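The model shown is predicted, which means the values in this text are computed figures rather than measured ones.
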Amino acid sequence: MAGYISDDLISEICADTDIIDYVSQYVPLKRSGSDFSGLCPFHHEKTPSFHVSRDKQLFHCFGCGASGNLIQFVMRMENLDFTEAVRSLADRAGIVIPDESGSTAQEHSKKQKILEMNKLAARFFHNCLKDKQTGAPGRRYLIKRRISWKTVVTYGLGFAPAEKTALTDYMKERGYTEGQMLEAGLSIERDKKVIDKFRNRVIFPIINVRGEVIGFGGRIMDDANDVNGFKIPKYLNSAETPAFDKGRNLYSLNIAKNARSGNLILCEGYMDVISTYQAGITNVIATLGTAITPNQAKLMLRYAHEILICYDSDEAGTKAAVKAIDVIAEAGGKSRVIRLKDAKDPDEYINKNGVEGFKDEIKKASPSTEFKISLVKSKYDTSTTDGKVRFLDDVIDVFASIRDPVEIDAYAKKVSDETGIDKQAILSKLREKNVREENYRRRAPQRIERRHSAVVKTEDGTVKRIPSQTIEAEKRLLNLMASEKKYYSAAKSLIAPEDFSTPVHKRLASLIGECYNNGKIPDQSLILNEFSSSDDEMNEASAVFYNMEVYKGGTAVIYDLIYTIKYSKIQTLIKGETDAEKLKELFRMQNELKERRKTWEVRAT
């Protein structure tokens with residue numbers, strides 16, 4: 001690939017285009033379980049076997065085997081090479097790819113420099129908080145808010161000293177100029193002097209899903225935000241920079257995405273997120289001081305099927321919740337609303353009622369449609385004729401936003417029962433607004449009958465037959481190794497890349513290991529880019545990650561899979577061997593493997 005399209009830039013380009021949105025331009029998709037399905041664009045079929053995963057940002061056809069990520073879909077559909085496909089997506093997202101000599105290369109370099117400075121600034125703020133004397137005000141505030149030190153470390157919280165140039169001086173000592181500090185938003189200019197932007201505040205680093213510090217939020221420690229007669233903002237956020245776009249990022253998504261709970265709890269503030277996380281609920285995020293944007297909704301829906309909105313219970317919070325419902329629905333997602341009684345936000349509620357009380361409120365969260373109807377109903381006296389008429393005129397807009405005809409029917413009945421308005425009158429009113437009714441029937445994934453063996457091409461170009469159970473076990477093992485470091489750690493001492501059966505699986509095992517060894521979490525999409533030169537290799541590699549199974553049993557599953565792979569390999573050799581001495585050695589290896597398996601079981605307990 002051209003040297004100037006870095007992995008970071010590719011990730012940014014792909015993050016800006018949701019695969020569901022893109023594929024829908026070519027294939028009508030319907031929700032099918034947790035994924036979306038349609039007729040495969042790469043082969044003729046009458047029954048949909050083509051699936052697209054919003055969570056994984058991958059596509060896979062269970063019919064023809066076509067598989068890959070967003071870039072590889074573009075390559076196939078538009079007949080482009082890898083670099084052309086990346087550039088096409090960049091143009092669509094409005095992202096400029098740096099070239100070797102132009103100003104765009106300078107812009108990319110500028111962004112990387114800001115990320116480098118942010119990382120150093122985050123470390124400075126955290127060390128200030130740890131310092132016995134300097135960080136005392138910040139630590140007192142966090143103790144008052146019942147934030148443990150463990151949580152402080154998890155979120156990398158810090159403290160900005162009251163001195164005007166503490167951070168600026170620290171960065172200048174490390175070779176950064178005042179101009180760079182201003183460009184990164186870490187410093188500001190006042191009376192022709194460059195001073196720190198954040199002073200005497202608790203600092204909340206904002207970290208993207210790739211683990212990069214892209215900006216900061218700072219909070220004053222006294223709600224009486226009057227200083228020398230001047231009002232200062234309770235919260236202060238980084239200005240937008242080449243590294244920080246508020247509308248395309250979410251606070252704590254880097255942590256929440258690992259919860260894999262199927263839903264995300266959307267809050268308004270940093271402290272709401274942190275208090276909720278500390279109480280043991282980790283799938284919690286927040287916007288960054290602005291109303292929710294379509295890009296944020298799409299980003300959330302990559303990691304969850306449903307968004308639970310938990311905004312402040314005041315009028316402003318209620319309006320913001322309604323907007324969030326609409327934005328999430330427009331992005332193709334579902335939402336519910338958590339309403340907290342006797343508390344203005346999750347932080348206050350948990351401190352008053354405990355985490356179990358908050359969990360109860362989560363269970364009682366209102367479906368978004370029910371929430372919106374209740375708001376409309378609260379404005380009218382539906383016991384009167386005039387109230388009913390005005391209520392129906394208003395509430396029909398809520399019905400018009402519903403896409404599922406079953407949901408329309410259910411809420412028409414509910415509203416009819418509660419108000420006495422005839423159900424058919426409601427539906428008639430709805431038809432007058434020309435609502436387009438669509439039936440989103442869920443289709444179960446079409447399973448392809450497994451063969452007893454698979455034919456694969458080896459590194460030297462020869463063809464050999466591998467038992468299907470070996471291939472399936474390797475796919476599952478590689479998927480798990482890429483998903484969590486604990487699985488990789490359990491496997492790495494027992495199986496090496498060369499132990500896998502196919503060249504693609506061997507390369508995948510090696511790439512996954514390289515990621516962990518370099519301190520990175522494997523990015524499935526970036527790994528798949530390594531196979532873009534061959535459709536067959538791309539399909540085989542993508543099939544590893546497009547796995548619809550859920551595994552239980554922890555590391556014991558890893559040991560089971562490794563045993564299956566190794567035992568099957570020996571069995572294959574036994575079946576093809578006729579020499580008595582070699583057979584004797586193979587049987588010895590088989591028995592030895594069985595004995596070793598017992599020691600693995602001890603590790604798993």
Side-chain angles (χ1 to χ4, degrees), residues 5 7-27 29 31-38 40-42 50-62 66-78 80 82 85-86 88-90 92-93 95 208-211 248-250 253-254 256-260 262 264 285 294-307 328 331-333 445 478-479 482-484 508 511-512 515 520-532 538-549:
I5 311 181
D7 285 349
D8 285 343
L9 188 54
I10 289 172
S11 294
E12 182 182 342
I13 292 166
C14 290
D16 217 72
T17 303
D18 182 66
I19 194 168
I20 301 295
D21 292 342
Y22 193 92
V23 173
S24 293
Q25 297 176 106
Y26 301 91
V27 182
L29 295 175
R31 184 171 286 280
S32 175
S34 61
D35 293 342
F36 291 78
S37 68
C40 180
F42 306 120
F50 179 77
H51 287 255
V52 188
S53 169
R54 176 169 265 147
D55 291 351
K56 299 184 175 82
Q57 290 291 295
L58 299 176
F59 70 91
H60 182 75
C61 178
F62 289 93
S67 198
N69 60 17
L70 172 62
I71 294 171
Q72 290 150 354
F73 183 85
V74 177
M75 290 171 66
R76 286 175 184 267
M77 290 301 300
E78 303 294 341
L80 303 174
F82 182 84
V86 173
S88 173
L89 287 169
R92 187 178 191 269
I95 296 172
N208 65 18
V209 291
R210 295 187 294 279
R248 295 178 183 271
N249 291 279
L250 293 155
L253 185 58
N254 60 308
K257 68 185 179 71
N258 297 319
R260 295 186 175 91
L264 288 171
I285 56 173
N295 284 315
Q296 287 174 327
K298 290 175 183 177
L299 182 59
M300 283 186 271
L301 292 169
R302 291 190 181 185
Y303 300 98
H305 310 308
E306 182 180 53
I307 310 303
I328 292 165
L478 288 166
N479 184 293
S483 68
E484 288 191 53
L508 279 172
L511 290 168
I512 290 166
C515 288
K520 296 179 180 178
I521 298 170
D523 185 317
Q524 296 177 2
S525 191
L526 289 179
I527 288 175
L528 290 179
N529 290 339
E530 299 292 327
F531 299 91
S532 293
M538 184 196 307
N539 292 342
E540 186 181 347
S542 184
V544 166
F545 297 125
Y546 202 103
N547 193 331
M548 304 176 80
E549 296 186 47

L9 side chain near V86 side chain, heavy-atom distance below 4.5 Å: no
Between CD of E12 and SG of C14, what distance do you get to the nearest 0.5 Å? 10.5 Å
Considering all heavy atoms, the nearest L511-I527 contact: CD1-CG2, 4.0 Å
Side chains of V52 and F73: closer than 4.5 Å at any heavy-atom pair? no
Is there a side-chain contact between F59 and F36, using heavy atoms and a 4.5 Å cut-off? no
Counting C-beta onward and ignoring hydrogens, is there a side-chain heavy-atom pair between R92 and I13 closer than 4.5 Å? no
Over all atoms of both residues, closest heavy-atom pair of G332 and R54: O-NH1, 3.9 Å
For the residue pair S532 and Q72, what are the closest heavy atoms and their distance? OG-NE2, 3.1 Å
Counting distance only, does the side-chain N/O of E306 pair as donor-acceptor with the main-chain N or O of G333 below 3.5 Å? no
Separation of N479 CG from E484 CD (nearest 0.5 Å): 11.0 Å
Quick check: do Q25 and M77 have side-chain heavy atoms less than 4.5 Å from each other? no
Residues at least two apart in sequence or cross-chain that pass side-chain hydrogen bond (donor to acceptor under 3.5 Å, both in side chains) with N69, listed by chain then number, are S525, N529
Just jot down the salt bridge (charged side-chain N to carboxylate O under 4.0 Å, His left out) partners of R302, sequence neighbours excluded, or say none. D18
Beyond-backbone contact of I95 with L89, side-chain heavy atoms, under 4.5 angstrom: no
What pair of heavy atoms forms the shortest contact from H60 to S67, and how long is it? ND1-OG, 2.9 Å
Pairwise distance CG(L528) to CG(L58) - rounded to 0.5 angstrom: 6.0 Å
Minimum heavy-atom separation for S53 to I19, with atom names? O-CG2, 3.8 Å
With sequence neighbours left out, the residues meeting salt bridge (charged side-chain N to carboxylate O under 4.0 Å, His left out) with E78 are none
Can you tell if the side chain of I71 reaches within under 4.5 Å of the side chain of I10, non-hydrogen atoms only? yes
If you draw a 6.0 Å radius around CD1 in I521, do more than 12 non-hydrogen atoms from other residues or ligands fall strictly inside? no
Side chains of D35 and Y546: closer than 4.5 Å at any heavy-atom pair? yes
Interatomic spacing from SG in C61 to CG in N539 - rounded to 0.5 Å: 9.5 Å
Over all atoms of both residues, closest heavy-atom pair of A541 and L508: CA-CD1, 4.0 Å
Enter the distance from Q57:CD to I20:CD1 here, rounded to the nearest 0.5 Å. 7.0 Å
With rounding to the nearest 0.5 angstrom, report the CG to CG distance, N208 to L250. 11.0 Å
